[in-house]
Amino acid sequence: MKVWVLRDNYYPEKIEMYDDPGSLWKVLEQKQIVLQNGYWIAKEMQMTDVKENHSTVSVMSEIELDSGLDDNLFTQRYLMRMR
């Protein structure tokens, strides 16, 4: 992996992933990086599969943080139960 990190907030702006032989496989680009409620968030992300010549874009239109979810919802035991 190669990671490009913003100097001012240490947020990963771009990540290149390589396969075992060392060929570029996928690229994640994070755009529209904003500070919201004390968290740095990318409102737009694009994952490109270089080998398949295909990409997916994810755009966050509404982001809700610290909404009061119980920490127990994220334990390994609970998440395994949800399968």
Side-chain angles (χ1 to χ4, degrees):
M1 293 177 80
K2 287 185 184 177
V3 181
W4 283 254
V5 178
L6 296 173
R7 287 180 189 249
D8 58 343
N9 59 13
Y10 304 106
Y11 196 88
E13 183 178 39
K14 179 179 176 181
I15 302 172
E16 289 183 350
M17 290 157 258
Y18 294 83
D19 60 13
D20 281 337
S23 299
L24 182 60
W25 176 30
K26 292 186 179 185
V27 178
L28 172 64
E29 295 178 277
Q30 303 194 91
K31 303 171 185 173
Q32 297 183 30
I33 299 168
V34 297
L35 182 62
Q36 183 174 330
N37 296 353
Y39 299 97
W40 288 100
I41 299 169
K43 292 185 125 186
E44 181 179 332
M45 294 177 274
Q46 179 173 340
M47 178 66 83
T48 303
D49 187 324
V50 176
K51 292 183 177 186
E52 298 292 328
N53 194 27
H54 179 269
S55 64
T56 301
V57 175
S58 175
V59 178
M60 310 295 173
S61 59
E62 288 185 39
I63 300 170
E64 187 174 335
L65 302 167
D66 298 331
S67 61
L69 293 175
D70 189 352
D71 288 343
N72 291 329
L73 293 173
F74 302 97
T75 63
Q76 185 175 3
R77 181 177 177 187
Y78 189 85
L79 292 172
M80 294 292 287
R81 189 183 80 165
M82 296 304 295
R83 278 195 207 179

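Not measured: the values here are computed from a predicted model. Sequential numbering from 1 along the given sequence is applied to the chain's residues.
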Student: Please say yes or no: joined through hydrophobic side-chain contacts below 4.5 Å, possibly via intermediate residues, are Leu35 and Tyr39 part of one cluster?
Tutor: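 Unlinked, Leu35 and Tyr39 end up in two clusters.
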Student: Please round to the nearest 0.5 Å and tell me the distance separating atom OH of Tyr11 and atom CG of Leu6.
Tutor: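 Answer rounded to 0.5 Å: 9.5 Å.
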Student: Rounded to the nearest 0.5 Å, what separates atom NZ in Lys43 from atom CD1 in Ile33?
Tutor: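 Here the interatomic distance stands at 12.5 Å.
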Student: Can any side-chain N or O of Gln36 pair as donor or acceptor with the backbone N or O of Ile41 at less than 3.5 Å?
Tutor: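 A pair under 3.5 Å: no.
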Student: Looking at CE of Met47 and CD1 of Ile15, how far apart are the two atoms once the value is rounded to the nearest 0.5 Å?
Tutor: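 That separation rounds to 7.5 Å.
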Student: Quick one: NZ on Lys26 to NE2 on His54, what's the gap to the nearest 0.5 Å?
Tutor: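 The distance works out to 10.5 Å.
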Student: Glu16 and Tyr18: side-chain donor and acceptor closer than 3.5 Å?
Tutor: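 Tyr18 and Glu16 do have a side-chain donor-acceptor pair below 3.5 Å.
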Student: If you count heavy atoms of other groups shown closer than 6.0 angstrom to CG of Asn53, is the number above 12?
Tutor: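 Open: at most 12 neighbouring heavy atoms sit under 6.0 Å from CG of Asn53.
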Student: How long is the gap from CH2 on Trp4 to CD on Gln30, to the nearest 0.5 Å?
Tutor: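 It comes to 13.0 Å.
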Student: Does one hydrophobic cluster hold both Met1 and Tyr10, with members joined at side-chain heavy-atom distances below 4.5 Å?
Tutor: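 Result: yes, single cluster for both.
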Student: Could you check whether atom CH2 of Trp25 has more than 12 heavy atoms from other residues, nucleotides or ligands sitting under 6.0 Å from it?
Tutor: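 No, the 6.0 Å shell around CH2 holds no more than 12 heavy atoms from other groups.
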Student: So do the side chains of Met45 and Met60 get within less than 4.5 Å of each other, counting heavy atoms only?
Tutor: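 When only atoms from C-beta onward are counted, Met60 and Met45 do touch, with a gap below 4.5 Å.
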Student: Just wondering, are more than 12 heavy atoms of other shown residues or ligands nearer than 6.0 Å to CG in Asp70?
Tutor: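 Enclosed.
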Student: Report yes if the side chains of Leu28 and Met17 come closer than 4.5 Å at any heavy-atom pair, otherwise no.
Tutor: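 When only atoms from C-beta onward are counted, Met17 and Leu28 do touch, with a gap below 4.5 Å.
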